[in-house]
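Since the structure comes first, as structure tokens, the remarks are kept for the end.
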Amino acid sequence: MSEMRLVVAGAAGHMGRVLIRLVQEMPGLKLTGALEPSGHVALGEDAGLIAGAGRALVQITSDAEAALAAADGLVDFTIPGVSVHFAGLAAKHRKVHIVGTTGFSPAEDDAIASSGGTATIVKSGNFSLGVNLLAALVKKAAQALDEDFDIEVVEMHHNRKIDAPSGTALLLGGAAAQGRKIALADHSERGRDGQTGARRRGAIGFAALRGGTVIGEHTVTFAGPTERISLTHIAEDRALFARGALKAALWARNRPAGLYSMADVLGLSDV
Ligand SMILES: NC(=O)C1=CN([C@@H]2O[C@H](COP(=O)(O)OP(=O)(O)OC[C@H]3O[C@@H](n4cnc5c(N)ncnc54)[C@H](OP(=O)(O)O)[C@@H]3O)[C@@H](O)[C@H]2O)C=CC1
Ligand SMILES: O=C(O)C1=N[C@H](C(=O)O)C[C@H](O)C1
């Protein structure tokens, strides 16, 4: 089969640079486009050189539609409004769209889901194997432990992160809610401060720490009467997420249009 032609959005960003390096290294993939918004300082630069890898002979452009039309798919770790726009373009051109961006509003989530009518979208708050396996374990634990066990999700990230709770924390909270057969939206407790009152029985709590250069740490704790179980994932390198996202792109190629998760890619959705 021919190489899959990929565009990387947010090419000069933290994830974008790692993705560009790995697209060049991974067999079966070819970098054909690299995007940053109009006015960005990196426009016109060689994407490979910006990534600190070899010259890619792909100039960073702001023309997303032209880049996507000439490719098989787009890998997108940017910001929510931009990802919604790109999902619309992927739908128009019937392409693969890998969405790593986090921090979507419910309306933005819905907009991306509807683009899955004609685009093949894989969207996940975390593209690592470890976190998706952890989510399956959290679901099982939540099934086994009743509401005597309070569920709390604690995450820590670098000081540049602009959304909270993290996409991963929400994914893990969602897995706990699934295990309990409840809707996360009706049971989540976020941003506690001041006279909060006692914890609601059956709530799923979230706490976010920010500081330094932490790549991503998540712990789900089941706190019961006189005992606690904690399940933790620590990401040590952004390449973990980038490799997962590129694996998802190859998986999505030639799949029917739809909205898929990383658990689908890893065969973990029924666990
Ligand atoms: N799902 C997962 O596994 C992971 C998800 N993430 C998520 O990915 C996102 C990005 O993270 P990170 O790389 O650290 O952030 P960065 O801010 O380093 O990178 C984002 C990049 O997107 C660019 N961008 C903004 N608008 C556009 C546009 N219209 N077209 C093209 N590019 C655009 C930004 O440009 P500018 O310089 O102008 O801001 C920036 O270069 C976050 O939401 C984060 O939570 C991160 C890691 C793993
Ligand atoms: O912003 C980040 O850096 C990360 N974002 C994702 C999230 O919101 O969970 C994934 C990872 O933890 C890194």
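Start at 1 and go down the list; that is how both ligands and their atoms are numbered.
- Among the atoms of G167, some N or O lies under 3.5 angstrom from an N or O of ligand 2.
- The protein atom (non-hydrogen) at minimum distance from atom 13 (O) of ligand 1 is M15 N, 2.9 Å.
- In terms of modelled atom types and a separation under 3.5 Å, the side chain of D72 and the main chain of R5 share a donor-acceptor contact.
- In terms of protein heavy-atom proximity, atom 21 (C) of ligand 1 is nearest to G10 CA, 3.6 Å.
- Geometrically, ligand 1 and I79 share no nitrogen or oxygen pair separated by less than 3.5 Å.
- The closest non-hydrogen atom to atom 8 (O) of ligand 2, taken over M156, K161, H157, comes from K161.
- For atom 3 (O) of ligand 2, the closest heavy atom belonging to the protein is H158 NE2, 2.7 Å.
- Hydrophobic clustering (side-chain heavy atoms under 4.5 Å, transitive across Ile, Leu, Val, Met, Phe, Trp, Tyr) groups Y260 together with L6.
- Annotation: F127 places an N or O atom under 3.5 Å from an N or O atom of ligand 1; distance criterion only.
- Heavy atoms only, all atoms of each residue included: F206 and G173 are closest at CZ-CA, 3.9 Å.
- If you look at L171 next to ligand 2, there are no close heavy atoms at all, none under 4.0 Å.
- Cation-pi geometry between R255 and W251 is satisfied (NZ or CZ under 6.0 Å from the ring centre, within 45° of the ring normal).
- Nearest protein heavy-atom neighbour of atom 5 (C) of ligand 1: G100 O, 2.9 Å.
- Proximity of a side-chain donor or acceptor of T101 to a complementary backbone N or O of T78 within less than 3.5 Å is detected.
- Protein heavy atom closest to atom 4 (C) of ligand 1, with residue, atom name and distance, is F77 CE2, 3.4 Å.
- Residue contacts with ligand 1 do not include G103, since none of its heavy atoms lies under 4.0 Å from the ligand.
- Side-chain contact of S261 with S124: a donor-acceptor pair under 3.5 Å is absent, judged by distance alone.
- Among all protein heavy atoms, the one lying closest to atom 38 (O) of ligand 1 is H40 CD2, 3.2 Å.
- Across all their heavy atoms, D63 and A66 have their closest contact at OD1-N, 3.1 Å.
- When the heavy atoms of T168, T101, D163 are ranked by distance to atom 9 (O) of ligand 2, first place goes to T168.
- The two atoms that bring A239 and L22 nearest to each other are O-CD1, 3.9 Å, heavy atoms only.
- The shortest contact between atom 45 (O) of ligand 1 and any protein heavy atom is with T102 OG1, 2.6 Å.
- The minimum heavy-atom distance linking D46 with L57 is given by the pair OD2-N, 2.7 Å.
- In this structure, a donor-acceptor pair under 3.5 Å is present between the side chains of T232 and T219.
- Distances shorter than 4.0 angstrom occur between a heavy atom of K161 and an atom of ligand 1.
- Nearest non-hydrogen protein atom to atom 34 (C) of ligand 1 is E36 OE1, 3.5 Å.
- Here the closest heavy-atom approach between residue A51 and residue R21 is recorded as CB-N, 4.3 Å.
- For the ligand labelled ligand 1, residue S124 lies inside the 4.0 Å heavy-atom shell.
- With a heavy-atom cut-off of 4.0 Å, F104 does not touch ligand 1 at all.
- Remark: the H218 side chain and the S166 side chain contain an N/O donor-acceptor pair separated by less than 3.5 Å.
- Using 4.0 Å as the threshold, M15 has no heavy atom nearer than that to any atom of ligand 2.
- Of the protein's non-hydrogen atoms, the one nearest atom 33 (C) of ligand 1 is P37 CD, 3.4 Å.
- Remark: distances from the non-hydrogen atoms of G125 to ligand 2 include one below 4.0 Å.
- Only side-chain heavy atoms of F241 come within less than 4.0 Å of ligand 1; its backbone N, CA, C and O stay farther off.
- Remark: distances from the non-hydrogen atoms of R238 to ligand 1 are all 4.0 Å or more.
- Shown are R190, R192, R228; of these, the salt bridge (charged side-chain N to carboxylate O under 4.0 Å, His left out) with E152 is made only by R192.
- Contacts with ligand 1 closer than 4.0 Å are made by no heavy atom of H85, backbone or side chain.
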